[in-house]
Student: 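There's a structure below that I have some questions on.
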Amino acid sequence: MPTGTLNVAAYDTTLRDGAQQQSIAFTVADKLAVARLLDELGVAYIEAGWPGAIPKDTEFFARARTELELRTARLVAFGSTCKAGVAAEEDPQVRALLDSGAPVVTVVAKSDPVHVERALRTSLDENLRMVRDTVTVLAAAGREVMVDLEHFFDGIDHAEASAADDPDLPYPLAVALAAAGSGASAVIPCDTNGGTLPHRVGERVARLRDALQAAGYDQCTIGIHTHDDAGVAVAGALAAVEAGARQVQGCVNGLGERTGNANLLTLIANLELKTDWTVLPGDADERARRLAELSAISRHVGEIVNRPPSSRLPYVGTKAFAHKAGLHASAIRVDPNLYQHIDPERVGNTMTMLVSEMAGRASIELKAREFGIDTAGDHELLTRVTETVKTREAAGYTYDAADGSFELLLRAARGDLPEYFRVESWRASIQARPLPGQRLLSTEGDTVTETEATVRLWAGGRRFAVLGEGNGPVNALDHALCAALEQIYPETADFELTDYKVRILDTERGTRSVVRVLIDITDGETTWSTVGVGTDVVEASWEALIDGHIVGLLRRGVEPR
Ligand SMILES: CC(=O)SCCNC(=O)CCNC(=O)[C@H](O)C(C)(C)COP(=O)(O)OP(=O)(O)OC[C@H]1O[C@@H](n2cnc3c(N)ncnc32)[C@H](O)[C@@H]1OP(=O)(O)O
Ligand SMILES: CC(=O)C(=O)O
């Protein structure tokens with residue numbers, strides 16, 4: 001590890017390589033919004049697309065000139081070297097890069113001899129000419145120019161296997177020197193296919209570093225661009241930093257072609273928190289403030305691309321600091337750092353305790369604290385609740401995914417669960433009728449289906465008998481329940497069911513199986529989850545729905561009426 005504080009530049013490619021992931025499609029407005037977030041975080045470079053190749057990217061760079069005011073980041077236009085046999089100044093793609101107005105241009109160059117010969121179908125010398133010519137033209141126009149060395153790591157193997165290769169300067173290194181010698185500010189070895197292991201990345205970046213130094217190009221920065229096909233993109237980038245890379249490329253939430261690029265947020269957190277390198281601008285306080293934005297940025301970008309970040313993402317995922325095992329909880333009660341690699345607040349995340357069949361008394365005590373309930377020292381209550389949780393989980397309930405239902409269980413055990421309403425009965429029915437004018441149901445499924453539910457309950461000293469209709473029995477029951485409750489508790493009008501999951505627990509019993517239903521309800525501000533179990537899906541759903549409404553009233557601080 002280095003000593004002292006040195007800088008590594010964070011280079012974000014969410015808007016270029018991130019957009020190469022299946023089903024990710026940014027609008028121009030999305031790109032502008034993501035660029036503003038990245039600038040706020042403090043990345044050094046934002047690679048925003050390929051003007052001239054993708055019309056939306058051409059528009060982005062045009063609008064960025066007037067609509068994007070970046071405070072810390074430099075905007076990068078991405079493209080390729082000029083075509084074989086074409087002078088760079090006459091190549092329309094190179095012209096489009098200049099016309100984008102971006103102050104920085106990164107061009108991708110073939111650095112693997114096999115790719116030059118088979119994909120580009122040109123000579124190794126002509127490819128070197130394309131690199132030199134393109135960098136020279138862009139640099140002469142006043143741009144900072146960087147060169148992505150595509151397939152650099154595989155390229156060294158291919159070069160060394162070739163009898164024609166210079167053993168002192170394998171072809172990928174010759175491409176890097178051609179770029180540096182023509183005025184590139186950085187060369188970035190890319191693990192384009194994502195299959196290189198970290199030790200190999202480190203070793204080859206060190207060779208690149210030595211070759212640049214030997215040629216007198218010390219001013220040329222080495223970057224690193226890794227993909228996650230072998231699950232080691234972040235590790236590879238860290239190995240490259242150890243070997244001399246001073247720029248790390250990656251995408252927010254690990255978006256990117258195929259399995260994604262190195263997750264830039266993970267890289268930033270690792271470098272800032274676990275090494276002496278600094279990636280974010282400012283003094284220690286400012287860097288800490290920026291780092292604490294990581295979780296929010298991960299979620300915000302997830303919303304913009306309409307793809308919630310995986311809950312298991314390092315540092316920023318909602319499960320990154322969620323503890324389930326009882327033994328962990330018992331140590332965490334003494335000191336959270338005993339089972340956490342960092343304090344989650346440093347990256348804007350929070351620790352959560354999960355209650356399940358793996359819970360012990362400490363898990364229950366810590367979870368209760370999240371609800372503002374102090375159970376410390378109440379050994380009898382904690383033992384009773386722990387046992388109830390284990391028994392109910394054995395019967396099919398799951399509380400780590402339904403902390404709303406767990407809160408009700410805990411309050412019931414303490415005897416402080418408010419009684420908001422009492423249910424007298426409920427009923428749900430579905431009727432399928434033939435289409436008008438027909439006597440029998442159509443075999444093709446064209447039928448008229450009517451679903452209705454009746455709920456009878458007492459609330460606020462009154463009895464309600466309410467009919468609900470819906471597109472299925474659970475929906476009809478939900479409508480009937482809400483229609484009754486709203487008359488006494490208008491707060492429930494804000495409750496909305498946002499997720500509904502059904503799982504058959506013992507598949508061997510077929511349609512007689514036990515069924516578990518998990519639902520999420522939101523009031524627009526927070527979301528809570530509840531669980532129901534039964535031999536019938538409607539019965540299990542009803543239990544989860546009832547829990548969901550009680551939890552909502554509790555969380556709103558409503559008193560029973
Ligand atoms: C590793 C990476 O992720 S690099 C980023 C890749 N990103 C993208 O491809 C997204 C944007 N791409 C596009 O819109 C299109 O592919 C374009 C506009 C670039 C090219 O489209 P087309 O002109 O229709 O060509 P096509 O995609 O079929 O083939 C690519 C051409 O570029 C050439 N080429 C590929 N890499 C390079 C390079 N590094 N330098 C110069 N030329 C290159 C190929 O030889 C081929 O040339 P040819 O048309 O003479 O056969
Ligand atoms: C340039 C690039 O995205 C790659 O080689 O993976």
Side-chain angles (χ1 to χ4, degrees), residues 11-22 24-26 45 47-58 60 76-88 90-97 100 105-124 126-135 137-138 145-155 171-172 175-176 178-179 184 186-196 201 223-230 233 236-237 240 247-251 254-262 264:
Y11 181 113
D12 185 276
T13 177
T14 306
L15 300 176
R16 196 278 296 173
D17 215 334
Q20 288 175 219
Q21 189 161 85
Q22 182 175 8
I24 296 293
F26 291 102
Y45 295 98
E47 185 177 86
W50 188 335
I54 302 167
K56 253 190 293 179
D57 292 354
T58 309
F60 168 86
V76 185
F78 176 91
S80 75
T81 53
C82 63
K83 284 269 174 98
V86 178
E90 279 157 25
D91 189 303
Q93 286 291 341
V94 176
R95 170 61 31 211
L97 292 171
S100 73
V105 175
T106 295
V107 285
V108 59
K110 300 274 185 215
S111 74
D112 178 343
V114 170
H115 276 262
V116 175
E117 281 160 0
R118 297 191 57 203
L120 217 49
R121 294 178 304 281
T122 193
S123 70
L124 300 182
E126 170 62 359
N127 183 53
L128 292 177
R129 193 279 307 165
M130 289 153 65
V131 172
R132 284 195 205 97
D133 199 8
T134 308
V135 175
V137 166
L138 293 170
V145 189
M146 305 193 190
V147 176
D148 275 353
L149 304 167
E150 204 192 6
H151 295 107
F152 175 88
F153 298 96
D154 305 329
Y171 188 73
V175 178
V187 288
I188 300 97
C190 299
D191 188 25
T192 309
N193 292 359
T196 310
V201 171
I224 182 68
H225 178 109
T226 49
H227 281 268
D228 209 29
D229 301 71
Q247 179 204 98
V248 285
Q249 299 200 349
C251 296
L255 294 176
E257 183 92 37
R258 306 182 305 279
T259 56
N261 287 62
L264 190 68

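Atom set for the values below is all heavy atoms of this structure, side chains included, hydrogens, waters and symmetry mates excluded. Start at 1 and go down the list; that is how both ligands and their atoms are numbered.
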Student: Check whether any side-chain N or O of E126 sits under 3.5 Å from a backbone N or O of G85 as a donor-acceptor pair, and report yes or no.
Tutor: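 Checking the backbone N and O of G85 against the side chain of E126, a donor-acceptor pair under 3.5 Å is found.
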Student: Backbone N or O of V86 within a donor-acceptor pair of the D91 side chain at under 3.5 Å?
Tutor: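 No; zero donor-acceptor contacts below 3.5 Å.
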Student: Look at the side chain of N193 and the backbone N and O of G195, then say whether any donor-acceptor pair between them is shorter than 3.5 Å.
Tutor: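 No; zero donor-acceptor contacts below 3.5 Å.
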Student: Do side-chain atoms of T58 reach the backbone of G52 as a donor and acceptor pair under 3.5 angstrom?
Tutor: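 At least one qualifying donor-acceptor pair exists.
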Student: What protein heavy atom sits nearest atom 7 (N) of ligand 1, and how far away is it?
Tutor: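 Going atom by atom, the protein heavy atom closest to atom 7 (N) of ligand 1 ends up being Q20 OE1, 3.6 Å.
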Student: With respect to I54, determine whether any N or O atom, backbone or side chain, lies less than 3.5 Å from an N or O atom of ligand 1.
Tutor: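 In this structure, I54 places no N or O atom under 3.5 Å from an N or O of ligand 1.
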Student: Ignoring hydrogens and angles, tell me if any N or O in the side chain of T14 forms a donor-acceptor pair with the backbone of C251 under 3.5 Å.
Tutor: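 Looks like no, no N/O pair under 3.5 Å.
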Student: Heavy atoms of the protein only: does one fall short of 4.0 Å from atom 22 (P) of ligand 1?
Tutor: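 There is no protein heavy atom less than 4.0 Å from atom 22 (P) of ligand 1.
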Student: So Y11 and Y45, would you call those rings parallel, tilted or perpendicular, with 30° and 60° as cut-offs?
Tutor: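 If you compare the ring of Y11 with that of Y45, the planes turn out tilted.
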Student: If you measure from atom 42 (N) of ligand 1 to every heavy atom of D91, V86, L120, which option wins on shortest distance?
Tutor: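 Nearest option to atom 42 (N) of ligand 1, by heavy atoms: L120.
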Student: Could you tell me whether atom 15 (C) of ligand 1 has a protein heavy atom closer than 4.0 Å?
Tutor: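 No; the ligand atom in question lacks any protein heavy-atom contact below 4.0 Å.
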Student: Nearest protein heavy atom to atom 34 (N) of ligand 1: under 4.0 Å?
Tutor: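 Looking at atom 34 (N) of ligand 1, one finds that a protein heavy atom does lie closer than 4.0 Å.
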Student: So, regarding E257 and ligand 1 (criterion: nitrogen or oxygen to nitrogen or oxygen, under 3.5 Å), is there a contact or not?
Tutor: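 Among all N and O atoms of E257, none is under 3.5 Å from an N or O of ligand 1.
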Student: To check your reading of the model: name the closest protein heavy atom to atom 1 (C) of ligand 2, its residue, and the distance in Å.
Tutor: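 Result: D148 OD2, 3.4 Å.
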Student: How close does the nearest protein non-hydrogen atom get to atom 2 (C) of ligand 1, and which residue and atom is it?
Tutor: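 Atom 2 (C) of ligand 1 sits closest to the protein heavy atom R16 NH1, 3.9 Å.
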Student: Taking only heavy atoms of E150, which atoms of ligand 2 are found under 4.0 Å from at least one of them?
Tutor: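 The list of qualifying atoms is 5 (O).
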Student: What residue and heavy atom of the protein are closest to atom 4 (S) of ligand 1, and at what distance?
Tutor: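 That would be F78 CZ, 3.9 Å.
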Student: For atom 40 (N) of ligand 1, is the nearest protein heavy atom closer than 4.0 Å?
Tutor: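 Under the 4.0 Å cut-off, atom 40 (N) of ligand 1 does have protein heavy-atom neighbours.
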Student: Please could you name the atoms of ligand 1 that M130 approaches to less than 4.0 Å, counting only its heavy atoms?
Tutor: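 Per the distance check, 41 (C).
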Student: Determine whether a donor-acceptor pair (N or O, by modelled atom type, separation under 3.5 Å) exists between the side chain of D133 and the backbone of A88.
Tutor: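 Looks like yes, one N/O pair under 3.5 Å.
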Student: For ligand 2, indicate whether the residue E257 contacts it via side chain, backbone, both or neither (heavy-atom separation under 4.0 Å).
Tutor: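 Looking at E257 and ligand 2, no heavy atom falls under 4.0 Å.
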Student: Identify the protein heavy atom lying closest to atom 51 (O) of ligand 1, giving its residue, its atom name and the separation to 0.1 Å.
Tutor: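 Looking at atom 51 (O) of ligand 1, the protein heavy atom closest to it is R121 NH2, 3.1 Å.
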Student: Around atom 18 (C) of ligand 1, find the nearest protein heavy atom and jot down its residue, atom name and distance.
Tutor: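 Heavy-atom neighbour on the protein nearest atom 18 (C) of ligand 1: A53 CB, 3.7 Å.
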Student: Is the backbone of D229 close enough, under 3.5 Å, to the side chain of T259 for a donor and an acceptor to pair up by distance?
Tutor: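 The answer is yes, because a donor-acceptor pair under 3.5 Å joins these two groups.
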Student: Over all heavy atoms of both residues, which pair between L264 and V248 is shortest? Give the atoms and the distance, please.
Tutor: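 Looks like CD1-O, 3.7 Å.
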Student: Give the residue, atom name and distance (to 0.1 Å) of the protein heavy atom nearest atom 11 (C) of ligand 1.
Tutor: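 For atom 11 (C) of ligand 1, the nearest protein heavy atom comes out as W50 CE3, 3.6 Å.
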Student: Hey, is atom 25 (O) of ligand 1 touched by any protein heavy atom at less than 4.0 Å?
Tutor: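 So far as the 4.0 Å threshold goes, atom 25 (O) of ligand 1 is out of reach of every protein heavy atom.
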Student: Given the protein's heavy atoms, is any one of them under 4.0 Å from atom 45 (O) of ligand 1?
Tutor: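 Answer yes: something from the protein, a heavy atom, is under 4.0 Å.
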Student: Any idea which protein heavy atom is nearest atom 49 (O) of ligand 1, and the distance to it?
Tutor: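 I find the closest protein heavy atom is K83 NZ, 3.4 Å.
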Student: What protein heavy atom lies closest to atom 2 (C) of ligand 2? Include the residue and the distance to one decimal.
Tutor: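 For atom 2 (C) of ligand 2, the nearest protein heavy atom comes out as H225 NE2, 3.4 Å.
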Student: So, do F152 and P172 sit near enough that their side-chain heavy atoms are less than 4.5 Å apart?
Tutor: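 They are in side-chain contact.
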Student: Report yes or no: does a heavy atom of R16 sit under 4.0 Å from some atom of ligand 2?
Tutor: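 Flag set, R16 near ligand 2.
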Student: Which bit of C82 is near ligand 1, meaning a heavy atom under 4.0 Å away: side chain, backbone, both or neither?
Tutor: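 The answer is the backbone.
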Student: If you count the atoms of ligand 2 from 1 in the order shown, which ones are under 4.0 Å from a heavy atom of D17?
Tutor: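 Within the 4.0 Å cut-off of D17, ligand 2 contributes 3 (O).
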Student: Numbering the atoms of ligand 2 from 1, which are under 4.0 Å from a heavy atom of T192?
Tutor: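 Counting atoms of ligand 2 from 1, those under 4.0 Å from T192 are 4 (C), 5 (O), 6 (O).
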Student: Is any side-chain heavy atom of D148 closer than 4.5 Å to a side-chain heavy atom of F78?
Tutor: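 When only atoms from C-beta onward are counted, F78 and D148 do touch, with a gap below 4.5 Å.
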Student: If you measure from each non-hydrogen atom of C190 to ligand 1, which part falls under 4.0 Å: side chain, backbone, both or neither?
Tutor: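 Neither; no heavy atom under 4.0 Å.
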Student: Just need the protein heavy atom nearest to atom 36 (N) of ligand 1, so name the residue and atom and give the distance.
Tutor: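 Here the nearest protein heavy atom works out to K110 CE, 3.4 Å.
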Student: Could you tell me whether a side-chain N or O of S111 sits under 3.5 Å from a main-chain N or O of E150, the two making a donor and an acceptor?
Tutor: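 Checking the backbone N and O of E150 against the side chain of S111, a donor-acceptor pair under 3.5 Å is found.
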Student: Using a 4.5 Å cut-off on heavy atoms from C-beta on, say whether the side chain of V116 contacts that of Y171.
Tutor: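 They are in side-chain contact.
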Student: Determine whether the side chains of T226 and D191 contain a donor N or O and an acceptor N or O closer than 3.5 Å.
Tutor: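 The criterion, which ignores hydrogens and geometry beyond distance, is not satisfied for D191 and T226.
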Student: What atoms of ligand 1 come within less than 4.0 Å of a heavy atom belonging to V108?
Tutor: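 Matching atoms, with element in brackets: 39 (N).
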Student: At a non-hydrogen distance cut-off of under 4.0 Å, which region of T192 contacts ligand 1 (side chain, backbone, both, or neither)?
Tutor: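 Answer for T192: side chain.
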Student: Quick check against the 3.5 Å criterion: does Q21 have a side-chain atom that pairs as donor or acceptor with the backbone of G256?
Tutor: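 Side chain of Q21 to backbone of G256: a pair is present.
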Student: Go through ligand 1 atom by atom and flag the ones less than 4.0 Å from a non-hydrogen atom of A119.
Tutor: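 In order of number, 45 (O).
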Student: Can you name the atoms of ligand 2, numbered from 1 with element, that are less than 4.0 Å from a heavy atom of H227?
Tutor: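 Listed by number with element, the hits are 6 (O).
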Student: Taking the side chain as every heavy atom from C-beta outward, state whether C82 and R129 have any atom pair closer than 4.5 Å.
Tutor: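 Answer yes - side chains close enough.
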Student: Output yes when a side-chain donor or acceptor of N127 lies under 3.5 Å from a complementary backbone atom of K110, and no otherwise.
Tutor: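 Indeed, once roles are kept as given, a pair shorter than 3.5 Å links the two residues.
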Student: Any nitrogen or oxygen of D17, main chain or side chain, under 3.5 Å from a nitrogen or oxygen of ligand 1?
Tutor: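 No, there is no polar N/O contact under 3.5 Å.
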Student: Between D17 and H227, is a side-chain hydrogen bond (donor to acceptor under 3.5 Å, both in side chains) present by the stated rule, with each step listed?
Tutor: CA-CA 10 Å; D17 215 334; H227 281 268; 3.2 Å; yes
